[in-house]
Amino acid sequence: METEQEMDQGDQQTPRGNGINGPTKCRQCGLSSILTSHMRSGPEGRRTLCNACGIAWRKGKLRKLVAYENAPRDPESLRPIPPEIDMEFENEDKAYEFYNKYAGLTGFSVRKGWIGKTSAKMIRSVTLVCSREGFKKDKKGYGEVKRPKPDTRIGCLARLTIKRTSSGTYCVKEFIAEHNHPLAPSSAVHLLRSQRVLSNGGNALAIDAYDEPAEYTRNLNFFSPSYRISLRSKRTRDMQSGDAEAIMNYLQSMRCNDPSFFSAFQLDEDDKLTNVLWVDAKSIQNFKYFGDVVCLDTSYKSNGYSRPFVPFLGLNHHRQVIIFGAALLYDETAESFGWLLETFKIAMHGDKPKVIVTDRAMEISDAVSAVWPDTCHLVCPWQVHQSMVKSLGSIIQSNRGFLKEFTRCIYDIENEHEFLSAWREMLERFNLMANEWLSDLFIERERWAQGYVRHIFCADITSGLRTCSLTNFLKRYLCVQTDLLAFFKHYEQMLDEQRFLELQADFRATQSVVRVPPSKMLRQAAELYTPAVFEIFKREFEIFLDCMLYNSMESGSVSEYRIVEGSNCKEHYVRVDSSDWSVVCSCRKFEFVGIQCGHVLKVLDVRNVKEVPERYYLKRWRRDAKSEAAAKHLGDQLTVFKG
C-alpha cells in the first residue's frame with residue numbers, strides 16, 4: 001500500500017504549460033488540472049488548487065468551502081428553511097449567509113441586487129436576488145459574434161429584501177420564493193457561483209452534493225437456466241503474473257465503497273479466472289436513460305495489447321460518450337461473449353439495448369444472435385474502416401484513390417441503389433472483383449452500409465466514437481509492463497473526469513438559455529434540446545434555408561415534395577400527411593439520428609407549420625432526458641415511416 005507521502009510525491013509532476021512543479025490533479029476529488037477549468041492558483045503555483053470540490057484561492061487567502069463529503073445525511077438538516085417576514089438578523093452579512101444557505105439547499109445562486117444607503121453612507125436596505133434575475137443587455141457588436149454565450153439571466157423574480165431597524169438590526173420586509181427556471185440538482189449545487197466561496201471561519205455550508213445511489217437489489221430470477229459461470233474449455237490467453245490478485249482486490253475495494261457495485265467473473269475448466277465484468281451504480285442509472293444504443297468496443301483486443309479490455313459504450317443527451325460497464329476478456333470465444341452479454345443483462349436488471357454496435361467478429365455475432373435475439377446487431381463502420389486499413393494496406397499503397405472511394409462507400413452514401421453502383425464501380429476501377437476480404441464484407445453490407453441501416457435508430461453513435469478520446473489514454477496502461485492496479489486507478493480517474501464533464505453539461509443546460517434569432521422553430525428547439533443537440537438542429541436549419549422545394553404529388557391529405565439542396569444539388573423526397581402532420585424524408589435523418597432534417601423543416605415551413613410537432617423531439621436528446629418519465633418511455637416516440 002502507498003503511504004500518503006508517497007501518493008503526494010506521485011502526484012508531483014510538471015503540469016503542461018505551468019513551467020513549475022505541482023500536482024497535475026486535485027488530491028481531494030482527483031480531477032485533472034488540464035481537463036478542468038476549475039484549477040486555480042495556489043501557494044504551490046498555478047493550477048494547484050481546485051475550485052470544483054471545495055477549495056478556492058482568492059485574494060491571497062485560503063477560503064473554506066462546502067464540506068461535501070462530510071455533509072450530514074439527516075433529511076431534516078438538508079431541508080431548506082425559507083425566510084419569513086419580520087425575521088431579524090444581526091447584520092446584512094448574517095442575512096446573506098442565511099439566504100445563501102437556503103439557496104444552496106434549494107438549488108439556485110444568490111447575488112446582491114440593490115443596496116440602499118443613507119446620506120452618511122450607512123446601509124439602509126439590501127435586496128438579495130436570484131442570480132438569474134433581470135435580463136442581459138446586448139453589447140455593441142453582439143450581432144457579429146458567431147457563437148454568443150448563453151444567457152443566464154431570464155427575469156427571475158425570486159428575492160429577499162431586508163431593511164435596517166431603529167435598533168441597528170436588519171429585518172425581512174419582502175420574500176419571493178417562486179422561480180421561473182429549473183433549480184439545480186443537489187449533485188450540481190457546488191457549481192453555482194454563490195456556493196463556491198463563503199466567508200472565513202467555521203461557517204461552511206453543508207450540502208449533500210451527491211445523489212444517493214439507488215439500492216439495486218440482485219434478483220436471482222434474472223439468471224437463466226443456461227447461465228454458466230464456467231467455460232467448457234481452457235481460456236485462450238494467459239494472464240500476467242499478479243493480474244488475478246489485482247482484479248479481485250479491485251472488485252473487493254469497489255464493493256466496500258459502493259454497495260450497488262456489480263461484478264461477476266467466469267472460470268475455465270481448470271477453475272482459473274478467465275473473464276470479469278464490473279458495473280457501478282452510476283453506470284446502471286445511466287443505462288436506464290441512454291441504454292437504447294450500446295457499442296461493445298473490442299478494438300483493444302486487436303491492437304496488440306496483452307490485456308483485452310472491452311467497455312460497453314453509449315451516448316448521453318449531451319452527445320458525450322459514457323461507459324455502461326467494462327470487462328477484461330482473457331477468452332474471446334463465442335461462449336465467453338455470450339456469458340458477457342448475459343451477465344451484462346443481469347447487471348442491468350434484465351434490460352438490454354435495442355441496438356448493439358460491434359466489430360465483425362463471428363464470435364460476437366453468434367453470441368448476440370443466441371443471447372439477445374431481439375436486439376438489432378450492427379457493425380461499426382469506423383471499425384470496418386480500421387480493419388480495411390490493416391487487411392488491405394498493400395492495395396491502399398498501390399492504388400491511389402482507393403481509400404477515398406472506400407471511405408465514401410462506408411460513410412457518405414445513404415441510398416441502397418447508389419451504394420451498389422458505387423461499390424461495383426470501385427471494384428471494377430481497381431480490379432478487386434476477386435478480393436476475398438471485400439467479398440466477405442459485401443455479404444454483411446446490411447449491418448454496416450448507410451444505405452441499409454438508415455431506418456434503424458442508432459443515435460449516430462459511430463460519429464461520436466470516431467471523435468472520442470474518452471478511453472484512448474487507457475491503452476498505454478494495458479501493456480504487460482504496467483501493473484494492472486495502475487490500469488484500474490487510471491480507469492477510475494477517467495470515469496470521474498467524464499462524469500464531471502457530464503455534470504457540468506447538465507448544469508449549463510439547466511442554468512442557461514441559448515440565444516437564438518427570432519424564429520419559432522429555433523426557439524422551440526433551444527428550449528427542448530440540450531445545447532449540444534441544438535447545434536446539430538441549427539445546422540439542419542441552415543440546410544433548410546438553402547433548400548429549394550418542388551411539388552411532386554398530392555393525394556388527399558398526403559403530399560410529396562422534391563427537395564434540392566443548393567450546395568450539392570442532392571435530391572430528397574419528403575412526404576407529409578396534413579391530417580396528423582406525420583412526415584418522413586428519404587434521407588432518413590430522423591429515423592437514424594433522432595433529429596429532424598432540414599428537408600422536413602423546409603416542407604413544414606412552406607405548409608405554414610412554424611414549430612416541429614413535439615413527438616419529433618426524442619426524450620433521449622432533451623434537457624429532461626434524466627427524468628423518471630423520460631427513462632420509462634425511452635425511445636417510445638421513435639416512429640419509423642415506411643416509404
Side-chain angles (χ1 to χ4, degrees), residues 29-31 185 187-188 210-219 222 247 250-265 275-298 300 309-329 339-358 372 375 459 461 464-465 468 470-471 474 487-506 620 625-628 630-632 634-635:
C29 66
L31 290 177
S187 58
Y210 302 100
D211 292 326
E212 280 289 342
E215 290 297 328
Y216 298 102
T217 57
R218 302 292 165 222
N219 190 338
F222 287 140
I247 290 173
Y250 171 75
L251 298 181
Q252 183 178 2
S253 65
M254 291 301 295
R255 280 193 292 268
C256 291
N257 297 328
D258 180 7
S260 303
F261 182 81
F262 177 94
S263 64
F265 56 87
N275 301 318
V276 59
L277 167 73
W278 66 95
V279 182
D280 65 5
K282 180 65 175 177
S283 295
I284 298 173
Q285 192 178 46
N286 276 338
F287 186 82
K288 185 171 62 173
Y289 303 129
F290 310 112
D292 50 353
V293 181
V294 170
C295 175
L296 184 63
D297 184 5
T298 56
Y300 292 99
F309 176 63
V310 181
F312 288 86
L313 305 177
L315 280 185
N316 64 12
H317 56 324
H318 303 294
R319 291 193 58 77
Q320 297 171 325
V321 177
I322 54 178
I323 294 183
F324 296 129
L328 289 171
L329 293 185
W339 171 86
L340 179 64
L341 298 178
E342 192 171 1
T343 308
F344 181 78
K345 178 181 175 182
I346 294 170
M348 300 304 170
H349 309 285
D351 294 332
K352 57 185 178 180
K354 294 180 174 65
V355 176
I356 184 170
V357 182
T358 71
W372 292 353
T375 297
I461 190 172
L465 294 176
C468 169
L470 181 65
T471 58
L474 284 175
F487 161 73
F488 285 128
K489 178 181 178 181
H490 286 87
Y491 171 80
E492 288 298 322
Q493 179 184 349
M494 175 207 67
L495 211 56
D496 290 341
E497 290 176 350
Q498 179 270 319
R499 288 170 179 173
F500 179 72
L501 293 176
E502 181 181 2
L503 179 63
Q504 281 187 315
D506 285 340
R620 67 126 42 240
K626 291 184 180 180
S627 66
E628 289 302 317
K632 183 178 179 181
L634 181 62

Out of V276, L340, T298, L277, which residue meets the side chain to side chain contact (heavy atoms under 4.5 Å, CB included) rule with L329? L340
Going by heavy atoms in the side chains, are E497 and F500 under 4.5 Å from each other? no
What's the spacing between L313 CG and I461 CD1 if we round to 0.5 Å? 7.0 Å
In Å and rounded to the nearest 0.5 Å, what is the OG to CD distance from S263 to Q252? 10.5 Å
OH of Y491 to CE of M494, rounded to nearest 0.5 Å, is 5.5 Å
What's the shortest heavy-atom distance between F290 and A625, and which atoms? CE2-CB, 3.9 Å
Closest heavy-atom contact between W339 and A264? CH2-O, 3.7 Å
V294 versus V355: any side-chain heavy-atom pair under 4.5 Å? no
List for me each residue that meets side-chain hydrogen bond (donor to acceptor under 3.5 Å, both in side chains) alongside N316, sequence neighbours excluded, and say none if there are none. Q320
Sub-4.5 Å side-chain heavy-atom contact between I284 and V279: yes
Quick one: are N257 and F261 in side-chain contact, heavy atoms under 4.5 Å? no
Applying side-chain contact (heavy atoms from CB on, under 4.5 Å) to E342 and W372, what does each step give before you reach the verdict? CA-CA 8 Å; E342 192 171 1; W372 292 353; 6.0 Å; no
Steps toward side-chain contact (heavy atoms from CB on, under 4.5 Å) verdict (K288, D351): CA-CA 8 Å; K288 185 171 62 173; D351 294 332; 5.8 Å; no
Any chance you could measure R620, atom CZ, to L315, atom CG, to the nearest 0.5 Å? 6.5 Å
Test item: M254 and E492 side chains (from C-beta on) under 4.5 Å apart, heavy atoms: yes
Between L501 and Q504, does the side-chain contact (heavy atoms from CB on, under 4.5 Å) criterion hold? Intermediate values first, please. CA-CA 5 Å; L501 293 176; Q504 281 187 315; 3.6 Å; yes
F265 side chain near N275 side chain, heavy-atom distance below 4.5 Å: no
Decide if the gap between the ring center of F309 and the ring center of F487 is smaller than 6.0 angstrom. yes
Looking only at heavy atoms, the pair that brings F262 and A347 closest together is CD2-CB, 3.4 Å
I want to check something: taking the side chain as every heavy atom from C-beta on, are F488 and I247 in contact at a cut-off of under 4.5 Å? yes
Just how far is it from atom NZ of K282 to atom CG of L495, taken to the nearest 0.5 Å? 10.5 Å
Output all residues satisfying ring-ring contact (aromatic ring centres under 6.0 Å, His included) with F344, sequence neighbours left out; order by chain, then residue number. F287, F312
Who are the side-chain hydrogen bond (donor to acceptor under 3.5 Å, both in side chains) partners of R499, not counting sequence neighbours? D280, S283
Is a donor on one side and an acceptor on the other found under 3.5 Å between the side chain of T375 and the backbone of P353? yes
Could you tell me whether the side chain of H317 reaches within less than 4.5 Å of the side chain of K626, counting heavy atoms only? yes
Is S253 reaching over with its side chain to a backbone N or O of Y250, donor-acceptor style, under 3.5 angstrom? yes
CD1 of I356 to CG of L296: how many Å apart, nearest 0.5 Å? 5.0 Å
